[in-house]
Each structure stands twice: as structure tokens, then as C-alpha cells.
2 protein chains.
Amino acid sequence: MSTIRDVAKSAGVSAATVSRVLNNKGYVSEEKKEKIEKVIHDMGYEPNQIARGLAKKTSKTLALIVTDITNPFFPELAKGAEKAAYLNGYSFLLGNTKGMDNHNDDYVKLLKNKYIDGVIIASHDIDIEILKEQENTPMVVLEMDNDIENACTIKVDNYDGAMTATRHLVSIGCRKIAHIYGPQYDSTAKERLEGYKAVIRDTSGLSEILVPGDFTINGGAETVQNLLTQYPDIDGIFAGNDLMAIGVLKKLNQLKIKVPEDIAVCGFDGIFMTQVTNPELTTIEQPIYRMGELAAEKLIFRINHPFYGKESIELKTKLQIRESTRKVNRSDQKKSFSDGD
Amino acid sequence: MSTIRDVAKSAGVSAATVSRVLNNKGYVSEEKKEKIEKVIHDMGYEPNQIARGLAKKTSKTLALIVTDITNPFFPELAKGAEKAAYLNGYSFLLGNTKGMDNHNDDYVKLLKNKYIDGVIIASHDIDIEILKEQENTPMVVLEMDNDIENACTIKVDNYDGAMTATRHLVSIGCRKIAHIYGPQYDSTAKERLEGYKAVIRDTSGLSEILVPGDFTINGGAETVQNLLTQYPDIDGIFAGNDLMAIGVLKKLNQLKIKVPEDIAVCGFDGIFMTQVTNPELTTIEQPIYRMGELAAEKLIFRINHPFYGKESIELKTKLQIRESTRKVNRSDQKKSFSDGD
DNA sequence: CATAAAACTAAAATCGGTTTCACACAGATA
DNA sequence: TATCTGTGTGAAACCGATTTTAGTTTTATG
């Protein structure tokens with residue numbers, strides 16, 4: 001591998017001049033510039049990024065910290081972010097926090113020791129206080145409420161999405177709609193719960209039916225039994241995320257309860273798996289890929305504009321109607337409700 | 001951030017001595033060692049990995065190159081690799097080749113420019129010739145035949161797995177078993193095809209029914225129509241991978257053909273989604289997570305033992321029997337076959 | 001006891017870039 | 001003509017570690 005000094009020697013100039021050409025910065029005569037570029041091309045020289053990093057305190061690398069890349073939400077996010085990173089000349093570091101016990105903050109240390117230029121956080125496992133200390137590390141936080149200064153937050157309008165989901169269930173004739181809400185330390189779960197509550201409150205004849213869930217497939221499946229025992233006449237389930245909705249679907253299937261005929265099911269997230277279930281799952285789609293892409297783009301912007309300040313971006317969700325909420329005659333309800341929406 | 005010279009000054013020694021302590025290498029008196037360690041601890045000093053990298057030509061980073069992290073096979077692989085990397089003090093770079101046009105080799109350039117210590121290749125999009133040129137980059141190649149010197153190859157016994165799958169279909173009474181084979185530039189697809197052929201050949205009363213597929217869900221779905229037109233009496237489908245099997249399942253479902261009653265379906269890979277379909281999908285499970293983990297471990301071993309030479313690891317698959325191949329009375333077959341598996 | 005070997009240490013060189021600084025020279029301005 | 005400004009350049013310092021070199025002090029050996 002040739003170095004900048006090799007190039008300099010071969011072009012009959014100093015390393016400083018080559019560096020100026022490389023970075024397109026400072027005065028260089030057109031004549032020397034051309035000569036140097038030719039030599040660079042001929043030698044196939046490429047600057048060593050580590051040396052450059054040491055000098056500039058930069059690594060042209062950004063990191064994405066997720067809970068668990070095997071959670072189907074994250075690969076799409078990661079892909080969007082990786083692609084945007086790559087297109088802007090950045091490498092893409094991935095970290096999973098799940099199952100790392102208390103070592104998660106090691107990821108944060110990396111930021112300093114390896115001059116990682118910025119980080120996208122999509123995990124609740126990273127201590128928010130430690131995050132706050134990283135004042136001058138550009139940061140983008142996904143799907144989380146936070147009060148971190150100098151960070152960009154990207155999320156969807158979960159409240160609105162949840163209202164849309166609930167209204168949709170109402171619109172296909174459901175009148176006993178349960179919501180399986182996610183862990184309440186997660187602000188998205190909270191917002192979705194609030195959205196559900198709002199619609200129930202504002203629609204006559206409905207009342208809240210709530211069970212807690214843990215955002216996993218098994219968790220979703222487990223709530224079903226409870227739910228049916230307490231409320232045998234429910235006709236719709238709005239799960240706080242797709243994974244739970246998938247669990248619900250599986251369980252209902254095992255119990256020979258027909259979806260959507262007996263109970264309609266709606267999820268939230270728009271993960272790819274919702275197209276694979278039988279019946280296919282209606283869901284509130286988040287622009288996951290776009291969120292990843294946007295996160296990387298915003299992060300890079302912040303890297304180039306330090307101390308840009310706080311920013312919050314809220315994207316729209318989209319109701320994706322599929323088989324699991326197909327409109328069917330709901331004979332029981334017909335008697336007691338006359339509401340035609 | 002404090003530097004090694006800060007530590008040195010504070011401990012009343014030279015930077016060289018601190019470095020010796022840091023790397024546990026060379027002579028250092030017990031007395032000074034303790035003093036230095038105390039200072040390091042008190043100052044919260046951590047060595048700058050970029051500076052270290054420049055000096056040692058190392059980055060304590062390894063890369064995983066996959067086709068597409070949103071392909072459900074890869075997240076589990078990535079997680080296994082990331083975890084093993086992390087536990088050994090390595091950071092984990094991810095690259096997707098799909099949709100990168102001809103820029104894939106840029107990933108390879110990174111290896112040099114950023115002193116990436118080693119790379120795990122799980123993509124056919126990287127030019128094998130370029131890979132071969134990277135003679136002194138430790139490499140682990142997954143799921144691919146290759147003749148790269150000084151690389152470790154990890155794969156499962158696809159031939160055996162395919163035989164197991166085919167035999168399993170035979171054992172539940174299938175007698176017209178089709179195989180949807182994957183793209184033949186992919187050696188795993190080839191081996192699976194061979195395994196299928198071997199069983200067909202060795203079992204009396206069976207004959208080959210083959211259709212090409214592209215390893216995607218849609219691709220799998222599309223072959224079904226063809227298959228049924230040409231061979232309306234098939235009673236079993238062995239798809240070359242799970243994604244195609246899922247597509248097949250969807251299509252059969254749309255056509256109101258019952259699985260497993262009318263046609264049994266078996267996949268290959270063991271991706272998580274196979275547990276979510278309805279019916280759940282029988283598959284040949286690969287130890288995906290373990291493969292990722294092993295890949296990282298082997299890679300790190302190679303980083304520490306340069307020029308270790310070629311190595312091939314073949315792991316076993318496991319038949320995971322699920323609903324899609326439940327044994328049922330196959331009335332048609334009963335007449336024409338008396339074979340009890 | 002002389003001397004070789006081992007233990008220990010610091011100064012300086014190095015890794016491969018960037019950046020500062022000093023300086024030279026041209027043309028513009030007064 | 002003297003001075004200022006803008007252009008162009010290279011030597012040297014720097015980023016923060018490791019490693020080599022050379023030298024000193026101990027310890028072991030014959």
C-alpha cells in the first residue's frame with residue numbers, strides 16, 4: 001500500500017500539497033493538482049482512513065444500536081440506515097443490546113475510543129443518563145421519547161396510528177374491541193394505548209378492554225386465553241405491535257376461533273411477516289426503511305453541523321388493510337348496534 | 001480525554017512503560033505496574049483505538065457482508081456473529097450488497113483502508129476473484145463453495161439435509177414429490193437439488209419433478225401454478241428454501257388446496273417465519289445463529305493465526321417436523337402404492 | 001570477582017495522514 | 001516605490017498510540 005508521501009515523492013511535491021488536493025482545501029496550483037491526481041490514479045493510491053481518523057478525530061463510521069436484530073422490525077431499519085450511511089461514505093456498525101447484561105454501555109464507550117462519528121439508538125437498554133453525557137456525540141433516537149439535548153428524535157405518530165387502527169375495527173363492525181398494550185416504559189406503547197382509549201371514549205357504545213402484553217409473539221398468544229376468559233364476547237383485538245398480533249392469530253387459530261369472522265385482529269408496525277400469516281394481518285404500517293434511512297441522513301447532517309440542537313420528526317403511519325379485518329356480518333352485534341359508520 | 005502521555009506523566013514514567021502495561025508485554029517492574037494501573041483507573045483512561053490501530057495496523061473490527069439483512073436468514077446469523085465479535089472485543093461492521101449495483105467491491109476496499117481485521121462473506125454479489133486477491137485478509141465464507149486459499153468455509157450438509165427432507169416426504173406417504181430448486185450459481189441450491197435427486201433415484205416408484213425457483217417468497221408462489229398445470233397430481237413439495245416454501249404455502253392456500261392433506265410442503269433453512277405460517281412449516285433447520293457465532297470465532301482465530309490455511313466446516317441440519325407435513329391418509333396413493341416406509 | 005545475561009526504562013522513531021507556520025512570489029494599492 | 005493582499009508551497013509539528021533502540025541496573029554464572 002502506498003502512502004501519501006509516496007505520492008508526494010512521485011509527483012515531486014510535499015505531502016501537505018497532496019493532502020490539500022485530497023481534501024480539496026487550501027491553495028494548490030492547477031498544474032500541480034493535475035499532476036498529483038494523475039499520480040494518485042496511476043498508483044491506485046487510497047488514503048488510509050485510520051491515519052486520517054487519528055488526525056481528524058473522525059472515523060467515517062456510524063453505529064446503530066438495536067435491541068435485537070432478529071426482531072423483525074430492525075432489519076429493515078438497519079438496511080435503510082446502512083444504505084444511507086454507505087452512500088454518504090460512512091461505514092455502518094451494528095450492536096445488539098439484548099442479552100448483553102450490563103455491558104451495553106460498552107457500546108457507548110466505543111463511540112469515544114473509536115471516534116465513531118454518530119449513533120442511532122433504537123433500544124431501551126441503553127441508559128438514557130449515559131446517553132445524555134455524550135453531549136457532543138451526534139445522536140438520532142428512534143421510537144423513543146427523550147429529553148436529550150442536541151439529539152434528533154424520529155418516530156411515527158403512534159397516537160394517530162392507534163386511533164386509525166381502533167376506528168378501523170369499529171368501521172368493520174367490531175363493538176367489543178380489546179387492546180393488548182405494550183410495556184409502558186416504552187413511550188410508543190403508551191401513545192398507542194392513549195390512541196385506543198381516545199377512540200373508545202369518543203365512540204358511543206364502546207368500552208375499554210385492556211390487557212398488558214410484552215411485544216413478543218408468545219406474549220401475544222398468552223394474553224388471548226386471559227382475554228377470552230374475562231371477555232368471551234370480544235369481536236376485535238388491536239395488538240400493540242405486529243409480533244403480539246401474530247401471537248394472537250396463532251392462538252386464535254389453535255382455539256379454532258375464526259379470524260376475521262369471530263374476531264378481527266389488527267397489529268401495528270408493518271413488519272414483513274404480517275404478509276405471511278394466514279390470514280394476512282391488517283396493520284398500521286410504519287415507514288420502517290425510510291425511518292432508518294432518514295435516521296442516517298439526519299445523523300450525517302448533524303455530524304456536519306455540530307450543536308444543531310434538538311429536533312423531532314414525526315412520520316405518518318398508514319393503515320394496511322388485509323384479510324384479518326375483512327368486513328363480515330357480525331350477527332350478534334347486529335341486534336344491539338345500529339351504528340352505520 | 002486523557003492520553004497515554006497524561007497517564008505517563010501522572011505516574012512518573014514514560015509513555016512506553018504505560019504502553020507495556022497496557023499490552024502486558026515487555027518488562028515492567030511490579031511497583032511501577034501497580035502505580036500505572038492505579039493512575040489508569042483513577043483517570044478513567046482508555047486507550048484510543050484509532051491511534052492504536054494506526055500503530056498496530058489493526059482496528060479490532062470485523063465485517064459481515066450479506067446480500068440483504070432483511071432476508072430473514074441473515075439477522076440471526078448477524079446476531080450470532082455480532083455477539084461473538086463483541087465478546088472478543090471486536091466491533092461489528094455490516095454491509096448489504098443487494099441493490100448496491102457494482103459498488104460492492106467498495107466493501108472490500110474498506111478492509112484495507114480501515115484496517116478491518118477480517119471479514120465474513122455471506123453474499124454471492126462479491127466478486128470471488130477480488131476476494132482471492134485479498135490473500136492476507138482473514139476470511140470466513142458462509143454457505144458457498146469456494147477455492148479461496150487461506151479462508152474458512154462454513155456450511156451445512158445440504159446434500160444430506162435435502163435427502164432427509166425428501167425421505168421425510170416419502171415417509172408420510174407422498175409419491176409425487178416436486179422440488180423447487182434455487183439458482184444454480186449458488187452451490188447450496190445445487191447440493192440440495194442433488195440430495196433430492198439421490199432419494200428419488202434410490203426410491204422405487206418415484207420420479208423427478210423439477211421446477212426452478214429464485215429463493216424468494218413470490219418466486220415460490222409463482223412456481224406453484226406451473227407445477228400444478230404440468231403435474232396436477234403432486235402430493236408433496238420440497239422447496240429449496242423456506243422463503244419459497246412460504247410462497248408455496250400462500251399460493252396453495254389461495255387455491256384452496258389443503259396443506260398437508262392435499263399437498264405436503266417442506267422447506268429448508270429453519271428461519272423463524274416458518275413458525276408463523278399457517279400451517280406451520282416443516283423445514284430442514286440450519287443452526288443459523290451458531291453459524292454466525294462460529295464464523296466470528298473462526299475469523300478471530302484466523303486473525304490471531306495468520307496463514308492458517310484452508311479449512312472447511314460442515315454442520316449438521318435437523319429435520320424440524322411441523323404441521324405442513326403431518327401424516328394424513330392419502331387416499332389416491334393408497335391404491336397405487338403399498339410401500340410402508 | 002569478572003562478566004554475561006536478564007530486567008527494566010526512557011527517548012526517539014514510527015504508523016499515515018492533516019494542519020500550522022513560515023516564507024516566497026505575484027499583482028494590486030497608495 | 002513601499003506595502004499589502006492573495007496565491008502557492010514545503011518543513012515540521014501533531015494526532016495518540018506502539019515499537020525500536022540504546023542505555024542502565026540487577027542478577028546469575030563460571
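Letters A, B, ... mirror the listed sequences (proteins, then strands); counts begin at 1.
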Give the nucleotide from the list D/dA17, C/dG16, D/dA11 with an atom nearest to the side chain of B/Pro47.
D/dA17
With distance as the sole criterion, do the side chain of A/Arg5 and the base of C/dG17 form a donor-acceptor contact below 3.5 Å?
yes
Using the ring of each side chain (for Trp, its six-membered ring), is A/Phe301 parallel, tilted or perpendicular to A/His305, with breaks at 30° and 60°?
parallel
Between D/dG10, D/dT18, D/dG8, which one does the side chain of B/Ala15 approach most closely?
D/dT18
If you assign A/Asn23 and B/Glu31 each to the DNA chain C nucleotide with the nearest heavy atom, which residue ends up on the more 5' nucleotide?
B/Glu31
When you measure from the centre of the six-membered ring of A/Tyr90, is the NZ or CZ of A/Lys60 under 6.0 Å away and within 45° of the axis?
yes
For the pair A/Tyr86 and B/Tyr107, name the ring-plane relationship: parallel under 30°, tilted 30 to 60°, perpendicular over 60°.
tilted
Do any side-chain nitrogens or oxygens of B/Lys57 fall under 4.0 Å of OP1 or OP2 in C/dT14?
no
Would you mind classifying the nucleic acid contact of A/Val18 as base, sugar-phosphate or nothing, using non-hydrogen atoms under 4.0 angstrom?
nothing
Classify the side-chain pair A/Thr58/A/Asp117 by whether it contains a donor and acceptor separated by less than 3.5 Å.
yes
Nearest of C/dG17, C/dC15, D/dA17 to any side-chain atom of B/Tyr115?
C/dC15
Please classify the nucleic acid contact of B/Ser19 as base, sugar-phosphate, or nothing, using heavy-atom distances under 4.0 Å.
base
